[in-house]
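All of these numbers come straight from a predicted model, not from anything done at the bench. In listed order, ligands and their atoms are each counted from 1.
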Amino acid sequence: MGSKEATGTQSRTEREDFQATTDPALMEAADRTAEVKLLTYKELYLLWERQQWQTQELDFTRDREDWTERISEEERFQRMYGLSAFFIGEQRVAEELGPIMRAAPSEDQKIFLCTQIADEARHVRFFERFYREVGVLESDGLSEMLAETSEHLNDNFGRLFDEMLKQRTDRLAAEPEDTEALVEAVTLYHMVIEGMLALTGQHFIMDFNEREGTLPTFVEGFGNVARDEHRHVAFGSVFLREKAREDERYKQAIQRTLEESLPVADGVLSPPWAEEEDFELFGYSLEETRQFAGTCLMRRLKVIGLG
Ligand SMILES: [Fe+2]
Ligand SMILES: [Fe+2]
């Protein structure tokens with residue numbers, strides 16, 4: 001990506017607090033060896049205690065000026081796809097994590113997943129506050145906002161969240177002792193939705209705003225969201241590595257879920273108005289976006305033992 005690379009994103013993921021999460025995608029060593037050290041569930045919990053932040057502290061005055069005065073109507077419309085996918089995505093993952101937490105076999109895993117539910121709730125409130133303070137939509141209540149912004153999404157989004165993810169969490173709610181279903185759910189939730197989709201979208205959206213010099217407080221809050229996501233993905237990586245080593249059956253469940261969900265997740269990367277594949281979003285082509293997502297996924301899979 002060369003000259004287009006914004007220094008902000010690069011230096012962000014090299015920061016100590018991002019490196020502390022041990023998400024394999026942030027570790028260059030993961031290109032060479034599967035033996036990188038990941039945090040344990042207990043250590044991830046302690047890191048969560050140290051990495052708290054508040055949505056109520058964010059002041060969006062400058063962002064509101066940018067949104068209403070500096071960003072054109074056409075660009076506002078184009079930005080709505082990414083914003084909506086995140087806003088709705090955060091709400092879906094917050095509300096679908098309960099059955100995964102309950103099905104986790106160990107107490108340390110359950111307690112970490114409880115902290116993740118709190119994080120996802122905070123991410124929903126972050127978007128709600130940004131929308132309200134900046135005046136993105138007409139709606140004011142949270143459920144009205146979600147309904148209004150969901151009009152910007154595409155069919156693949158619905159398939160991934162409301163069909164593939166929901167089927168698996170419904171199954172776990174009914175059969176919490178089904179470890180194979182749990183492995184499938186964590187693969188879809190932590191590896192595909194958070195690891196591949198969310199962190200890729202965040203990388204390009206923050207990079208774009210930093211290059212354009214727009215929405216500084218949004219970027220600040222979104223950076224906190226990204227740090228949380230790296231911690232969540234680190235949980236997924238350590239959990240799936242453990243399961244993959246435990247039983248060949250679980251390894252196959254990871255493989256199967258990736259094969260089924262990656263094409264759908266890839267479809268979520270394209271806004272509904274992008275009919276051709278050669279469109280640019282946030283200054284990057286779809287191919288560049290795919291490449292970034294692919295590299296991150298490969299590093300994680302290698303560490304899990306599938307690469
Ligand atoms: Fe989140
Ligand atoms: Fe998350």
Side-chain angles (χ1 to χ4, degrees), residues 12-13 17-18 20-26 38-39 41 44-45 47-55 58 82-101 103-104 109-131 142 145-146 149-150 153 157 160-162 164-166 168-169 172 182 185-206 218-240 261 265 268 293 296-297 300:
R12 188 177 303 108
T13 54
D17 56 335
F18 275 74
T21 63
T22 69
D23 174 359
L26 299 183
L38 302 175
L39 291 184
Y41 305 117
L44 285 166
Y45 170 82
L47 184 62
W48 172 78
E49 278 195 1
R50 297 195 296 275
Q51 294 189 332
Q52 297 294 309
W53 58 284
Q54 296 181 14
T55 63
L58 299 171
L83 287 171
S84 305
F86 271 97
F87 196 175
I88 305 274
E90 296 291 3
Q91 181 252 353
R92 294 291 196 275
V93 296
E95 293 169 18
E96 295 296 337
L97 193 52
I100 297 180
M101 182 275 290
Q109 293 161 353
K110 280 195 177 76
I111 294 297
F112 175 79
L113 288 168
C114 287
T115 72
Q116 186 178 339
I117 295 176
D119 288 340
E120 306 303 2
R122 182 162 23 209
H123 299 170
V124 175
R125 290 296 188 200
F126 166 71
F127 274 92
E128 181 190 8
R129 192 168 144 83
F130 170 76
Y131 269 53
L142 176 55
M145 262 185 212
L146 289 165
T149 209
S150 69
L153 298 175
F157 187 94
L160 193 69
F161 285 86
D162 301 332
M164 300 176 92
L165 180 64
K166 191 170 179 307
R168 286 172 173 88
T169 51
L172 282 178
L182 177 62
V186 172
T187 304
L188 181 59
Y189 190 118
H190 294 78
M191 285 299 118
V192 177
I193 292 175
E194 297 187 307
M196 200 212 109
L197 273 183
L199 283 166
T200 300
Q202 289 181 314
H203 169 86
F204 288 102
I205 291 172
M206 287 191 288
F218 175 80
V219 171
E220 184 192 334
F222 213 31
N224 294 335
V225 172
R227 188 178 66 187
D228 290 341
E229 297 305 345
H230 282 294
R231 208 170 50 245
H232 303 163
V233 176
F235 167 88
S237 306
V238 74
F239 176 80
L240 293 174
S261 60
V268 177
C296 293
L297 182 69
R300 294 183 184 117

Check: Met206 and Glu220 side chains under 4.5 Å, non-hydrogen atoms = no

Check whether any side-chain heavy atom of Glu96 lies under 4.5 Å from a side-chain heavy atom of Glu120, and answer yes or no.
-> no

Glu90: its N/O/S atom lying closest to the Fe ion (ligand 1) (atom name) = OE1

Does the shortest distance from the Fe ion (ligand 2) to an N/O/S atom of Asp228 fall below 2.8 Å?
-> no

Could you grab the angle centred on the Fe ion (ligand 1), going from ND1 in His123 to OE2 in Glu229, to 10°?
-> 100°

Could you pull out the atom name of the N/O/S atom in Glu120 that is nearest the Fe ion (ligand 1)?
-> OE1

Side-chain touch Leu146/Leu142, heavy atoms, less than 4.5 angstrom = yes

Verify whether one side chain among Gln51 and His230 offers a donor that lies under 3.5 Å from an acceptor in the other.
-> no

Got a sec: is His232 within less than 2.8 Å of the Fe ion (ligand 2) via an N/O/S atom?
-> yes

Ring centres of Tyr131 and Phe218 under 6.0 Å apart?
-> no

Of all the N, O or S atoms in Glu194, which one sits nearest to the Fe ion (ligand 2)?
-> OE2

